[in-house]
Amino acid sequence: MIVKLKQAAAFNQFVPRGPQERSWTGNLQLDKAEMKSSSPVVHPAPAQSAFEETCCCRRHHHEPACGRFTPSVRYGFNNTEPAGPEALSSSLTIHLLTQNPEKEQNLIMDVWTQRVAGIIAQVALLVSSRLGTTGADVCDSALVSNLPPSSFRSSSQLSGSHAPGFAKLNRREGAGGWSPLTSDGYQWLEVDLDERTTVTAVATQGRYGSSDWLTSYLLMFSDTGHNWKQYRQEDSTGAFPGNSNADSVVQYKLQRPVIARFLRLAPLDWNPNGRVGLRLEAYGCPYTSDVVSFDRGDGGLVYRSSSRPGQTSGEVVSLKFKSLRNCGTLLRADGPGGFGLSLQLERGKLQLLLRRGGTPSSEPRQLASLGSLLDDQHWHQVVLERRSAQLNLTVDKHTEKVQIPAEFDHWDVEQLVVGAAPSLDSEKPASFRRNFHGCLENLLFNDLSVIQLAKTNNHQVTATGNVTFSCAETVSVSVTFPGPHSFLQLPGPAASTPGVLSVWFQFRTWNKAGLLLTFDLPQQTGTVWLYLSEARLRLQIHKDGRAQLELSAGFALNDGQWHSVDVTSRRGRLSIAVDEAEGGLAHASPSFPVSVGRQLFFGGCPAEDNHPGCRNPFDTFQGCMRLLSVDNEAADLILVQQRRLGNYSQLQIDMCGIIDRCSPSRCEHGGRCSQTWTVFHCNCSDTGYSGATCHSSVYEQSCEAYKHSGNTSGHFYVDVDGSGPIKPQQVYCNMTEDSTWMVIEHNNTERTRVLPSPGAVQHSVHFDYSTQEEQLSAAIGQSEHCEQELSYHCRKSRLLNTPEGSPFSWWLGGPGSGRVQNYWGGAQPGSQQCACGLQGVCVDPQHYCNCDADRVDWAEDSGLLTHKESLPVRSLVLGDIQRPGSEATYRVGPLRCHGDKNFWNAAFFDKETSYLHFPTFHGELSADISFLFKTTASSGVFLENLGIKDFIRIELSSSTQVVFSFDVGNGPLEVRVESSVPLNDNRWHRVRGERNVKEAVLRLDELPAATQEAPADGHFHLQLNSQLFIGGTASRQKGFRGCIRSLQLNGVTLDLEERAKITPGVRPGCPGHCSSYGSLCKNRGRCVERANGFQCDCDLSAHTGVFCHTEVSASFKSGTSVSYSFKEPYEFFGNGSGPPSSVRPDRALRGENVSLSFRTSQSPALLLLVSSFSSKYLVLLINENDKLELRYKLDSSREAVVLSSSVRNLANGQLHSVTIRRWTDSVSVQIDHNAREDFNLTSDGELSDIKSVVLGRVYQSEDLDSSLSRLASLGFTGCLSVILFNSISPLKAALLHPDTSPVVVTGSLVQSNCGSSASPNPRAAEDTHPLSDQSGSAGSGQPLVNAIRTDSALIGGVIAVLIFAVVSGLVVTGRFLYRRKETYRNQDVRGVKRDDSQDLDFNTQTDSQNVSSENPKEFFI
C-alpha cells in the first residue's frame, strides 16, 4: 500500500493499486509560516536513516497490539530546486507495508486515526527545511530514546524488569516501563542527558500492557543532579497533566524552555486501580555556552570597547549567572566623565545603580530592582539595554523600564568590568568591595562574546585574579518543609557528653512562626523547643511541666533570606546565635545540663498524637533548611531520602521550593505586598483602591456618579478610569446648578494685571493644574461638555489684530504642552476672532475684538472656550503690553466639565435572543466588571465570554440571585449573591464582579459581598478567544430582557448605545430613573425624569438644594417681619413657593399642616401668625414659661382656644422642630423627639379667607386681642427655618423668590445656616477625605477697579464711595416714607442674602415617591 502526498490541498481520496498494495493519493496544504513554527505533537519511533524510517511488527501471542502495523515512511524530494515557495511541487510517497492484507481496510482507517498526526508532523519538518528552515531553528529532537540504561535513576523499582532504563516512550522492553517498589508521593524517575541541553517538551505514557500510569506529576531539573528546581508554568501551576490509559501519549510543550542536564519526574497521582507506571520522552536540542567562574571572589574580567565615542546610540549587555551568595557586584559599565552603571546583587535581588561622575565616594542612585531569591544556585537571565536615555532591565522574564538623566544621552560604554576589579574609590579599603561569587554564562556586549574573547586572550579583555572557564559548583543539599505535616527526624549523637550541645543549620522562610527544632534532654528530663515567633528566634526549655529557660535573638527572620542558627551549650553556658551573631546573640547559664537525647525533630512532629519524644505546641515550620549538623557532624540528607538514616514525612529533599509570591508583585496601584509560605497579601491603605490585589477603586468615576450616590457639592476624589492605571484626582463637584459640574483648578484663576518687563516684548504665563496630564485628558474625554473662561481687559493693548494679520497674543491649549490657538473666548477655533466679532457687536466694526480697537477706554473681550480638543488652557502669551499707556489684565478660569458619557450609556434588550457583541475581553490576571441593570424578567445572562476551556459569565439566575461564574483551568467556580427582595422590580441595581489571582468577589447593590478564594497553586491566567456577548450568549439562549447601563470592564466603558444603533432587537438608551433614584429627593421633593438622569423639584418643599435637603434658614431681629399675603380666599392645597397660576376663591381650610424649626432665647416670642379677612387666626408662640403655645380662633364670635404643650425650656438657644396637624377639631403637636400631644378644639370651625402668613414682628395686629397684639409688636429675635404652612413656604419665598412671590420683607433678614444642627450631608464625610470646603465661587476674581492699583483707580474709588453715600441716604429716606404708608415691599434687598443657585427648572412631570397623593394647588385674589 502506497500513500502519495502532494503539497497543494487537502487529503481527498483512496486509490487501490493492487491486492497487496494500495495507494492513498491526496494533497497536503502546508503554510510556510506554520511549517517554520510548528513542532510535532506525536513522534514516531527513531528513523533508520536521515530520509527513511522502517519499523516491522512481529506477531506474538502475548502482544495483543502486534496486530496493528507501523508505517514505513520514505521521504524523497525532486533534486531540482524550485524557483520559489510558490513553485514548490515536491511529491512525497509513503509506503505502508503490512502482512495482513485481509484486514487492509481496517488498517487504512487505523493509519488515519492513529498515525496520521505523526506523519503530518514529519512532513511539515521536511518541507519546512526545504523552504529554508535549518535544523538549528527547530528544537524538538528526541532526547531520551537513545540514552543507555545507565542514564536512568529512580527512587526504587518494583523488579529488574521494571527498572528505570525501560522507561522509554513507545518501548516494550522489560515490563514495558518503570514502576517503583511502592506507589507513593516519594518516588521519582531521573534522566541524565549527559550534558546541558535545551528541553522544549516532555511526553509521558503508561507502562505497556498494564493498568499503571500517572495522572499528574511534577517536573524538576538540575545541572548537577542535586539542588533540583521545580518547573512551573507561567501561572505558577506546578502539576503537569498525565495519562488516562497505558498506551496514549500526552505531550506538554514547555512555555519556557529548560536548560539542564538532569530531568526528574515525581508522580503526584496515578491510576487508582493500578500502580505508578511511566514511559517518557523529552524533546529539545543541544545547548552550547561560554562559561566563566569567579568562585573565590578575587577574579574578574575587564572588557574595553573599541567603538568610538558617539558611534552608537545604545548598547545591549546580556548574560546568565548563578550564585550561592545573595550579594555582590555582578557587572559595572564605565563611561566617560566617571559616569557609569552597575548591576549588583543585594539580598537576592538585582539592583541597577547609577553612578555620577566627579564624586566616586558618593552613594550610587538606584534606578531599578528586579528579581528575588537569585542566590538559589540556578541560572538567571539578565539583559540590560540602553537606548539613549532609556534603560530596559530584564531579569528572567520580567522587565522594568527606567529613564536616566539627560547627561546620559551621549554616554558610551568605555569598559565593562565583571567580577572583582579595583575600587573606584582609592580611599576605601578592599574590604568595602563585595565581589561576585559564582558563574557567568554567555556574556555578550552588543552580540560580542566577552568570555570567548577572554578564552582566546584577545587584547580587548583582561583577566584578573582567579578566573576559570568552567562552572565548578558546591553541592549543597536542601530540604523543603512544604506543609503542616512535614517533619525531619535525625538520630542524636552516638556518644554525647552531658552538658555539651552543638546544633548548626540554615533556614529561610516567609512565615513569622514555626517550630525549627525540638528534642528531649537525656533521660527525658525536659524538652527543648527552638522556634520562630513574631519573626524572632526563641529557645524554650520545659522541665517538670513549666518553662525553666527562655532565650530570644534576631528579628525579621521571615524575609526569605538564608539565616544561620547556632545552638551551643558548653561549660554550663547555653547560647543561641543568628547569622554568626551578626543577627543576634543570646545566652544563659542554666542550672541543669543541656544536651541532645536520642533523636531530634526538625520542622515539626509526626502526625501521631503524643508521639514519644516529640510534641509541638507551636506552628509547623514551612520553609527550607540546609547544612544541618549535630555535634559538628553533618547530616547526610541523601541517606535520609533513601530511608537509610532517620525518618521524614512530606519533605522535598535536595531542593528548596521557596517561591517569592511578591516578585513580581501582584498588588496593583502601589499596594504593598507581604507573604507567607503559601499566600501573599496586599496592603491597600492610602492607595485609593481596595480588594485582594488593590484592583478596584474606592472612588467614583465622575461627579455625576457621586451625585447619584446621594452626595452634595464638595471636594471629591474622582477616578476617571476606575481600576485602570490613571490615579484618582481631587476635584470640586458643584451640584447646585442644573448640571453637575466638575471643577479642576489651576495655579492662577484670579484676574491678574500684566506688568511690563524691561526688554521683554511679550508676557508669557504657564498654568499648572491640580491634576496630572493623563487625568486631565481622561476627564475631558469622558465629559459631555467642557468649558473654560478666557477674558482680557485692556486699554491701548491690542489682542488678536485682524484675521489677515499676525496676532499679537495667543494661547496654547489641548493635550501635552498644548497647541497654538489664535481665537478668544466665545469664538470658534481658527477664526482669530473674539466673541464680539462672531456676533458682530465689536466697538470697532473694522476689528473682530474689542481690544483691537486700541482705545484709551477700558474694553473687554471675554467668553467661554468650549472646544474640548483645545482644552485646557496651558499657556498664555500677551504681546501688546510694552507701549506707553498700555494696560491689561487677564483671567483664565478653572476647567469646568459636566455630563458623564459613561454613566448613562445604556441599551435596552427587548428579546431574549437579542445581544450585543464586542471584541474579546482581556483580563488574564485581573478582571473587574461593573454595570447597572433593571428588568422585569426573572432570569437572563448579562455577559459572557468564552475561550477554548476558560470562560467568564455574569447572569441573573433567578429573580433574587446574581451569579458570577468563570473557569481559568481549575474547573468552574461560582460566586452567588442572594437578595431578600426581588431584583426584577424595574429599578436600577448595581453589579460589581472582580476576579484576580487570589479570589473572586461579587457585589450586588449594598448587600454584603460574596467571595470565593482561588486555589493557592492553580491556574490563574484567564484565556478567552471568542467575542464578548452582552445581554445574551453565543447560543442565543437565556438572553437578558431589560436595560444594562454603564458597563465597564477593567475601567473601560463599552459604548452600548453606539452598538445598539446598528443591532436589531436592541435599542439605545433606557428611560425611567425616578423609580430608582426618586428616594434621593427629600422633604417632599418631587422626582422629575430627564433623558439622562433625574432632578428633584423642590417647589412643594420648604428645603432647597439638589435633593431638597438644604434647609432655608434666616436670622431674625426684633424688627424683622416676613409677610406672605393672599388677595383671594385661599384653598387648602395651595402651592406658594412659585408664582400663582390660577384663582379659585370661596374655599376654606378645615385643617392645616404646619412645620418649622426655631432657635431663640426670647420668651415670650411670636413664631408664626396666620390671619384671615374674617378676623380668624392661628398663632404659634413661646409663652413666658418657655413652652409652646398654640392659639386657634376659628369663630370670630368666640374667644381663641389656647393649647399649651408640656415640653419645657424651648427658649434655651437650641434648635427645636415643631410639627402641627389639625383636621376639624383634632390637633396634634410634635416637638423634637418628644411624644406627640393630642388636643381637641371646642368647635370644628374653618380657617377661611386666609389673608396672610406672618413671621417675626406683626405690624398690623388690629384683629388680635390686646395681650397677643403686645406680643406681636415685640417681634422675634433668633432663627427660623424650613417653615411650611400646608404647601406654602413663606421664608423660602422671601429669600429665594422675592420678585415672583407675594411676600413683603420688613427689617433685616439675613439668610444663614442657623437652622442646621449637623452637616447637611453626613454621608459626604464617608465618601470623601476630610478636606476644607471651597469658599466662594471658583476663580471668581476681583473687579477690574480693584485689580488695577493706580492713581486713577484711587480717584474712581473715592467717587464711588461718595455716590454710594448719597444713594444710601436716599434709600433710608424712601424706606422711612414707605413704612409710613405701610406699603413697603422688599426695598431693603441689600440686607437679604440669597442662595447663589436658584432652584432647578423642570419641564416634565412624573410621579414622586415623596409627595402626598393629593393634588396641590394655590389660589390668589
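Index from 1, following the sequence. Hydrogens, waters and symmetry mates play no part in the numbers below; they use all other heavy atoms, side chains included. A quick note: this is a predicted structure, and the numbers were derived from the prediction, not measured.
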Report the distance from atom [atom1] of [X] to atom [atom2] of [Y], rounding to the nearest 0.5 Å.
X: Leu516; Y: Arg538; atom1: CG; atom2: CZ; answer: 12.5 Å
X: Ile658; Y: Thr480; atom1: CD1; atom2: OG1; answer: 9.0 Å
X: Leu490; Y: Asn647; atom1: CG; atom2: CG; answer: 10.0 Å
X: Gln622; Y: Leu532; atom1: CD; atom2: CG; answer: 12.0 Å
X: Leu254; Y: Phe221; atom1: CG; atom2: CZ; answer: 9.5 Å
X: Leu143; Y: Asp194; atom1: CG; atom2: CG; answer: 11.5 Å

I'd like to check [X] versus [Y] (side-chain heavy atoms, cut-off strictly below 4.5 Å). Are they in contact?
X: Phe505; Y: Ser564; result: no
X: Phe294; Y: Leu440; result: yes
X: Ser478; Y: Met625; result: no

Is [X] reaching over with its side chain to a backbone N or O of [Y], donor-acceptor style, under 3.5 angstrom?
X: Arg643; Y: Tyr648; answer: yes
X: Ser569; Y: Gly499; answer: yes
X: Ser154; Y: Ser156; answer: yes
X: Thr620; Y: Pro484; answer: yes
X: His398; Y: Ser663; answer: no
X: Thr197; Y: Glu195; answer: yes
X: Trp270; Y: Pro267; answer: no
X: Arg279; Y: Gly206; answer: yes
X: Arg275; Y: Pro180; answer: yes
X: Ser183; Y: Val276; answer: yes

Side chains of [X] and [Y]: is there a donor and an acceptor less than 3.5 Å apart?
X: Ser216; Y: Asp269; answer: yes
X: Gln187; Y: Ser155; answer: yes
X: Asn243; Y: Thr204; answer: yes
X: Thr527; Y: Asp520; answer: yes
X: Thr568; Y: Ser575; answer: yes

Which atoms form the tightest heavy-atom contact between [X] and [Y], and what is the distance?
X: Ser502; Y: Asn632; answer: OG-OD1, 3.5 Å
X: Ala282; Y: Leu263; answer: CB-CD1, 3.8 Å
X: Arg232; Y: Gly238; answer: NH1-N, 4.0 Å
X: Ser179; Y: Asp212; answer: OG-OD2, 3.9 Å
X: Ser289; Y: Arg196; answer: OG-NH1, 4.0 Å
X: Leu585; Y: Ala553; answer: N-CB, 4.0 Å

(message) Please identify which of these residues, Asp660, Asp375, Asp559, meets the salt bridge (charged side-chain N to carboxylate O under 4.0 Å, His left out) condition with Arg347.
(response)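 Among the candidates, only Asp559 passes.
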(request) Please list all pairs passing the ring-ring contact (aromatic ring centres under 6.0 Å, His included) test where one or both residues lie in residues 478-499, with sequence neighbours left out. (result)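 Passing the test, one end in residues 478-499: Phe481-Phe621.
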(message) Tell me which pairs pass ring-ring contact (aromatic ring centres under 6.0 Å, His included) where either residue lies in residues 534-587, with sequence neighbours left out.
(response)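 Counting only pairs at least two positions apart or across chains, the ring-ring contact (aromatic ring centres under 6.0 Å, His included) contacts touching residues 534-587 are Phe507-His563, Trp529-His542.
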(request) Mind telling me whether Tyr231 and Phe240 have parallel, tilted or perpendicular rings, with 30° and 60° as the class edges? (result)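 Because their plane-to-plane angle lies in the 30° to 60° range, the rings of Phe240 and Tyr231 count as tilted.
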(request) Show your reasoning for whether side-chain contact (heavy atoms from CB on, under 4.5 Å) applies to Arg207 and Trp178. (result) CA-CA 7 Å; Arg207 193 170 60 81; Trp178 166 72; over 6 Å; no
(request) Mind running salt bridge (Lys or Arg N to Asp or Glu O under 4.0 Å) on Lys322 and Glu473 for me, showing each step along the way? (result) CA-CA 10 Å; Lys322 63 165 40 178; Glu473 302 185 37; 2.6 Å; yes
(request) List the steps and the verdict of side-chain contact (heavy atoms from CB on, under 4.5 Å) for Phe436 and Thr329. (result) CA-CA 5 Å; Phe436 174 73; Thr329 300; 5.9 Å; no
(message) Would you say NZ of Lys320 has more than 12 non-hydrogen atoms from neighbouring residues, nucleotides or ligands within 6.0 angstrom?
(response)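 More than 12 heavy atoms, drawn from other residues, nucleotides or ligands, come within 6.0 Å of this atom.
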(request) Please say whether more than 12 non-hydrogen atoms of neighbouring residues, nucleotides or ligands are located less than 6.0 Å from CD in Gln642. (result)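 Yes, because the 6.0 Å sphere around CD of Gln642 holds more than 12 heavy atoms from other groups.
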(request) Report yes or no: is the cationic atom of Arg153 (NZ for Lys, CZ for Arg) under 6.0 Å from the centre of the six-membered ring of Phe262, at an angle within 45° of the ring normal? (result)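 So Arg153 doesn't make the cation-pi contact.
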(request) Give the C-alpha distance, both sets of side-chain angles, the deciding distance and a yes or no for side-chain contact (heavy atoms from CB on, under 4.5 Å) between Gln599 and Phe519. (result) CA-CA 6 Å; Gln599 54 191 2; Phe519 57 87; over 6 Å; no
(request) Give the intermediate values and the outcome of side-chain hydrogen bond (donor to acceptor under 3.5 Å, both in side chains) for residues Asn558 and Thr509. (result) CA-CA 5 Å; Asn558 64 328; Thr509 185; over 6 Å; no
(request) Could you pull out all residues at least two apart from Ala634 that satisfy side chain to side chain contact (heavy atoms under 4.5 Å, CB included)? (result)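 Ala634 satisfies side chain to side chain contact (heavy atoms under 4.5 Å, CB included) with no other residue.
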(message) Please enumerate all residues that pass side chain to side chain contact (heavy atoms under 4.5 Å, CB included) together with Leu324, with sequence neighbours excluded.
(response)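 If we apply the side chain to side chain contact (heavy atoms under 4.5 Å, CB included) test to Leu324, skipping adjacent residues, the hits are Gln377, Thr474, Arg626.
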(message) Apply side-chain hydrogen bond (donor to acceptor under 3.5 Å, both in side chains) to residues Arg536 and Ser552 and explain how you reach the verdict.
(response) CA-CA 7 Å; Arg536 291 176 59 91; Ser552 65; 3.2 Å; yes
(request) Identify the residue among Asn442, Asp223, Asp396 that makes a side-chain hydrogen bond (donor to acceptor under 3.5 Å, both in side chains) with Trp379. (result)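 Answer to the side-chain hydrogen bond (donor to acceptor under 3.5 Å, both in side chains) test with Trp379 among Asn442, Asp223, Asp396: Asp223.
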(request) Can you run down the side chain to side chain donor-acceptor pair (under 3.5 Å) pairs that involve residues 649-659, sequence neighbours left out, and say none if there aren't any? (result)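 Every pair satisfying side chain to side chain donor-acceptor pair (under 3.5 Å) with a residue in residues 649-659: His226-Asp654.
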(request) List in chain and number order the residues that pass ring pair (Phe, Tyr, Trp, His ring centres under 6.0 Å) with Tyr531, two or more places apart in sequence or in another chain; answer none if no residue qualifies. (result)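 Result, ring pair (Phe, Tyr, Trp, His ring centres under 6.0 Å) vs Tyr531: Phe618.
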(message) Set out, in order, the CA-CA distance, both residues' side-chain angles and the distance that settles side-chain contact (heavy atoms from CB on, under 4.5 Å) for Ile659 and Trp510, then state yes or no.
(response) CA-CA 9 Å; Ile659 300 174; Trp510 300 115; 5.8 Å; no
(message) Run the salt bridge (Lys or Arg N to Asp or Glu O under 4.0 Å) test on Glu190 and Arg264 for me, step by step, so that the C-alpha distance in whole Å, both residues' side-chain angles and the decisive distance to 0.1 Å come before the verdict.
(response) CA-CA 4 Å; Glu190 179 183 314; Arg264 178 178 283 188; 2.8 Å; yes
